[in-house]
Amino acid sequence: MLKTGEYDFKSIEARWHAFWAEKKTFEANIDFNKKKYWVLDMFPYPSGAGLHVGHVEGYTATDIIGRYKRANGFNVLHAMGWDAFGLPAEQHAISTGLHPSINTQNNIDNFRQQMQRIGLGIDWRREVNTTQPKYFRWTQWIFLQLFKHGLAYVDKKPVWWCPELGTVLANEEVIDGKSERGHYPVERRSLLQWVLRITAYGDKLLKGVENLDWPEATKRQQTAWIGRSEGGLIRFKTESGASLEVFTTRPDTFFGVSFIAIAPEHPLLAQLVSADQQTCVQDYCKQVAAKSDLERTDLAKNKTGVFTGTYAIHPLTSERIPIWVSDYILMHHGTGVVMGVPAHDERDFEFAQTYHLPVKQVIQGSEESPLPFCSEGTLVNSGEFSALSTQEARKAILKRLGDAGIGQTTVQYKLHDWLFSRQRYWGEPFPIIWVKETDYKRLEGLKTSPFQEFLPQKPIAYTTSSGTVYAVPLTSKHLPLTLPEVSSYKPNQGATTVLQNADSKWLHVKLNLVTGEILPADGQAEGDWIEGTRETNTMPQWAGSCWYYLRYLSPDFEEGIVDPKEVAYWKTPDIYVGGAEHAVLHLLYARFWHQFLFDLGLLPTSEPFIKLFHPGIILGPDGNKMSKSLGNVVNPNTVIDEYGADSLRLYEMFLGPLEASKPWSLQNVEGVYRFLKKVWREFIDIEGQISKKIGGDTDEPTFEKVLHETIAKVTEDIDNLRFNTAISQLMICVNQMQKAKKITKPSARIFLQLLAPFAPHICEELWERLGEQGSIVDAPWPQFDPSKCIHTEAKYVVQVNGKVRDEISLPMDASQEEVIEAAKRISKVISYLEKGTLVKTIYVPKRLVNFVVR
RNA sequence: GCUUGAGUGGUGAAAUUGGCAAACACGCCAGACUUAGGAUCUGGUGCCGAAAGGUUUAAGGGUUCGAGUCCCUUCUCAAGCACCA
């Protein structure tokens, strides 16, 4: 039971939640009289487990920033949304038979309510939900724009298939041979899939990284993932007249080529192999195919390969070069063919050692060094190019090969086009209908047709045993294309899609090329119709998360993805806070879409996230990553119930530096809870009245000094996202307040304002009880007054030979000579000075004197 | 293997960037007020030592009047990359 005058966080917090909602405190509107500040969180996937302590960490941080910026006169936008498509909701649907939207909506309601409970200052009018038709209508629209501009296509190629998840995955979603979600094994399958041409933006994505205010590690990761390498394409002719193209970044080593190696999957391999080598090459390829990707890329294993029986001719030396097949050559990198230069490449060296191939040194370092020698140097044994530096030779040799028409400079990316289709139900359906070739030609031939709105210059088509089909894009008028009901949410066997379980009235349609109407194929209709089949893949979860932040600006806007007036004012987020695990996923995909939308002229900026911050992971109390299986998951609700939301917020911010990963320890919650109770008692007496201590005429100088130091420290710390040290300074301030007999009301107010971004509920309550009008969030941030912090005396550390011997306090205006003289009079110092001779005196103003005695 | 970070009390961590190491908390010890304390307050708390004093930032070396901070070597941990031609 609470006694009168005790800190009753439950009723306080409930009261202020209601107040903020009723007064629309956090609703943000365009205001040209104010500078804008947009804080953005990575929006959560609304899981059934509810809000996680990790969410609380990031969202509290942005809330503090938002409240602080607002107090500093900014017009602050802080919105929230739900990344609500995805597998868990679908798996729930499979087990319950209920539509995933039901479960999704329940989870969202729960998340929203939990966020409100921790007191986040969010403009809930702007809430975005990726699964709502009014949102994904525009996700589909953006896809159609990509389609129209030739950036979306279908391709049949080896892709990652995850049997457990029943879908294909993008390269970015496969980590160490396992799925990013769920860590299930994946395998290669050759499947027809939708792909986005992200490589067309490779250079822009790479260049843009340079100017971003992001953690260096994340920038490095993105740069490495895009993986630009400059080099040359060089064509070798085989003795039989076939032509093989290799990619190399080291054309300067061209005279050191002693073999050519080709990937086992290379389409030209079969034609290359000589008659007598057929069987052993085939056997080798079979062996390789049986290996998993993990086995194949295991660095520890020895290199293997088989001679194809064929030779290529070196274009400049006319030497015969044997062609080998080896699985250390990766089909998906470069051209899948490598010129082997054992003397100057580790892998080629290893291979040459195994099969006793010649090692020809063509580059010399400044000193004698063992082979393989892979750094820069001077060319030797390279004909006319000998004595050139490696840098010069790279250009010269490529130029020579270019002149001969057998080489060219080129740029190669590690980044591959983005595999964009999934075989699951709970995602955006593709707004595409497949039609016969003749019908597509008719559409192209028409003067006008609604279906030409997003028609690409180059048709997208694929061929199966039953003929070739062409992709017809739906029109803006058809959007949103909502998900059909299906007989089962379970994927079918193999690589077929869940949407194939939809009613044939949805799957098989007829289109009117003149009116733009779409009807079920079996319906009766007058006029000229063509038949088509709907695309049954769905988009990956990343589609919705690629542009959600833009929709916050105008969630109900009907004329486009974003209201131009809103985006002209708010532009891009001023800070983006979220996990580092998305470094090459969401953060890369979103940049791609944003740059594309910028190129369409829809956005004022080319980069979405100028400033990015990753909060560290909160580990379980046992120091391990929180997980259900370890049973170390902490639910923030239990802390709120027992200590209140303000304690939870303070606790998470006080744990350590925001960017560090740190273990949870409930014991420490007590510390911040005690602090809040102490604050409460400083303001409210046991009768529940404002403490008699508040309302003095003047402040004690010691308290006033600490208070102003606190203003300076908290201000600087929030600016630098150092919330842990800001809170410790607030603790120091209260401890000093406790010692003071009286404090003035203005000082009491200042303290509450400094604490308010961290613990908003208690501060609103005390603010009101002090008799202030309106919400504390609207009070302008206190200004630091340096004159309040002036020390009358300076404390000097006195050292002899760098060791502290004593300290002295002297007036601030004491001169160097006075300080040194005073230090020399210290008895301990005298004894040292008498024992030796004074060699040197170091004087640091207002800090220290050091006597060097020998 | 490579790249990039990091390593400070029993614990989470601070340290105007080269100037009193351990702020602020947790925990622990002692005390006060209490019928009671899981409330609150006061004091103590890196290590060795009775004290004077000595000593301490993963280990070792260096630069400097002075190093947690800069340089070199080694070790450990974390993250990322991993046959990228």
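Just so it is clear: chains get the letters A, B, ... in the order the sequence lines come, proteins before strands, and each one is counted from 1.
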Inset, instruction - Treat a base pair as Watson-Crick or G-U wobble with both distances under 3.5 Å, then lay out RNA chain B in dot-bracket form, 5' to 3', with | for cross-strand pairs. - result: (((((((..(((......[....)))((((((.......))))))(((....)))..(((((..]....))))))))))))....
Legend entry - Toward the 5' end of RNA chain B, by each residue's nearest nucleotide, A:Val672 or A:Asn850: A:Val672
Legend entry - Salt-bridge criterion met for A:Arg250 and A:Asp345 (N-O under 4.0 Å): no
Legend entry - Atom-to-atom span, CD of A:Glu659 to P of B:A79 - whole angstrom: 17 Å
Inset, instruction - Mark up nucleotides 27-47 of chain B, 5' to 3', with B wherever a protein heavy atom is under 4.0 angstrom from a base atom, S wherever such an atom reaches only the sugar-phosphate, and - elsewhere. - result: S-----------SSS------
Inset, instruction - Begin from the C-alpha positions of A:Glu350 and A:Tyr328 and carry the test side chain to side chain donor-acceptor pair (under 3.5 Å) through to its verdict. - result: CA-CA 11 Å; A:Glu350 210 186 305; A:Tyr328 87 91; over 6 Å; no
Legend entry - Atom pair CD/NZ of A:Gln736 and A:Lys705 - distance to nearest 0.5 Å: 8.5 Å
Inset, instruction - State whether A:Glu57 and A:Arg649 are salt-bridged, where the test is any N-O pair (Lys NZ or Arg NE/NH1/NH2 against Asp/Glu carboxylate O) under 4.0 Å. - result: no
Legend entry - Protein-nucleotide distance (A:Lys846, atom NZ; B:C20, atom P), rounded to Å: 17 Å
Inset, instruction - Specify the residue among A:Asn735 and A:Ala217 whose closest nucleotide of RNA chain B lies further upstream toward the 5′ end. - result: A:Ala217
Legend entry - Spacing of the P atoms in B:U55 and B:A59 (rounded, Å): 16 Å
Inset, instruction - Would you kindly give the CG-to-C1' distance between A:Asp327 and B:A85, to the nearest whole Å? - result: 15 Å
Inset, instruction - Take atom NZ of A:Lys625 and atom C1' of B:A79, then tell me their distance rounded to the nearest Å. - result: 11 Å
Inset, instruction - Write down the distance separating the C1' atoms in B:G66 and B:C20, rounded off to the nearest Å. - result: 12 Å
Legend entry - Atom pair CG (A:Asn171) and CD1 (A:Ile198), whose distance is rounded to the nearest 0.5 Å: 10.5 Å
Inset, instruction - Please measure how far the C1' atom in B:U8 lies from the corresponding atom in B:U56, and state the result in whole Å. - result: 10 Å
Shorter than 3.5 Å, N or O on both sides, protein versus nucleotides 9-16 of chain B: list them out with atom names.
unit_1	atom_1	unit_2	atom_2	d
B:G12	O2'	A:Leu655	O	2.5
B:A14	OP1	A:Asn724	ND2	2.8

Legend entry - Length of the line joining A:Ile727:CD1 and B:C26:C1', which is rounded to integer Å: 15 Å
Inset, instruction - Return the value, rounded to whole Å, for the distance between atom OH of A:Tyr673 and atom P of B:C24. - result: 23 Å
Inset, instruction - Would you indicate what A:Ser665 reaches in the nucleic acid, counting non-hydrogen atoms under 4.0 angstrom: base, sugar-phosphate, or nothing? - result: nothing
Inset, instruction - Can you establish whether the number of heavy atoms outside A:Glu346 located under 6.0 Å from its atom CD is more than 12? - result: no
Legend entry - Flag, side chain of A:His344 to backbone of A:Gly256, donor-acceptor distance under 3.5 Å: no
Legend entry - Between A:Thr390 and A:Asp252, a side-chain donor and acceptor under 3.5 Å: no
Inset, instruction - Measure from CD on A:Glu350 to P on B:A85 and round the result to the nearest Å. - result: 17 Å
Legend entry - Separation of the C1' atoms in B:C33 and B:A50, to the nearest angstrom: 34 Å
Inset, instruction - Please state the C1' separation for the pair B:U69 and B:U63 - nearest whole angstrom. - result: 14 Å
Inset, instruction - Measure from NZ or CZ of A:Lys677 to the centre of the six-membered ring of A:Tyr7, then state whether that distance is under 6.0 Å and the direction lies within 45° of the axis. - result: no
Inset, instruction - Flag the pair A:Phe751 / A:Phe758 as yes when their ring centroid distance falls below 6.0 Å, and as no otherwise. - result: no
Legend entry - Pair A:Glu709 + A:Lys788: basic N to acidic O under 4.0 Å: no
Inset, instruction - Report the C-alpha distance between A:Tyr796 and A:Arg847 in whole Å, list the side-chain angles of each, state the deciding distance to 0.1 Å, and finish with yes or no for side chain to side chain donor-acceptor pair (under 3.5 Å). - result: CA-CA 5 Å; A:Tyr796 286 85; A:Arg847 276 183 175 277; over 6 Å; no
Legend entry - B:G53 phosphate, OP1 or OP2, under 4.0 Å from A:Arg805 side-chain N/O: no
Legend entry - Interatomic spacing from CG in A:Leu721 to CD in A:Glu659 - rounded to 0.5 Å: 8.5 Å
Legend entry - Minimum-distance nucleotide (side-chain atoms of A:Lys840 versus B:A82, B:C65, B:G54): B:C65
Inset, instruction - Could you tell me whether A:Ile732 contacts a base, only the sugar-phosphate backbone, or nothing, with contacts defined as non-hydrogen atoms closer than 4.0 Å? - result: sugar-phosphate
Inset, instruction - With C1' as the reference atom in both, quote the distance from B:G46 to B:G37 in angstrom, rounded to an integer. - result: 31 Å
Legend entry - Chi-angle category of B:G53 [syn within 90° of 0, anti beyond]: anti
Inset, instruction - Could you work out the separation of B:G49 and B:U64 based on their P atoms and round it to a whole Å? - result: 36 Å
Inset, instruction - Using atom CH2 of A:Trp214 as one end and atom P of B:A79 as the other, report the distance to the nearest whole Å. - result: 21 Å
Inset, instruction - Give the nucleotide from the list B:C83, B:C20, B:G19 with an atom nearest to the side chain of A:Tyr328. - result: B:C83
Legend entry - Nearest to side-chain heavy atoms of A:Arg220, which nucleotide of B:C20, B:A25, B:U3: B:U3
Legend entry - Any donor-acceptor N/O pair, A:Lys662 side chain to A:Ala660 backbone, under 3.5 Å: yes
Legend entry - Glycosidic class, syn or anti, of B:U17 using a 90° window around 0: syn
Legend entry - Rounded P spacing from B:A23 to B:G18 in Å: 23 Å
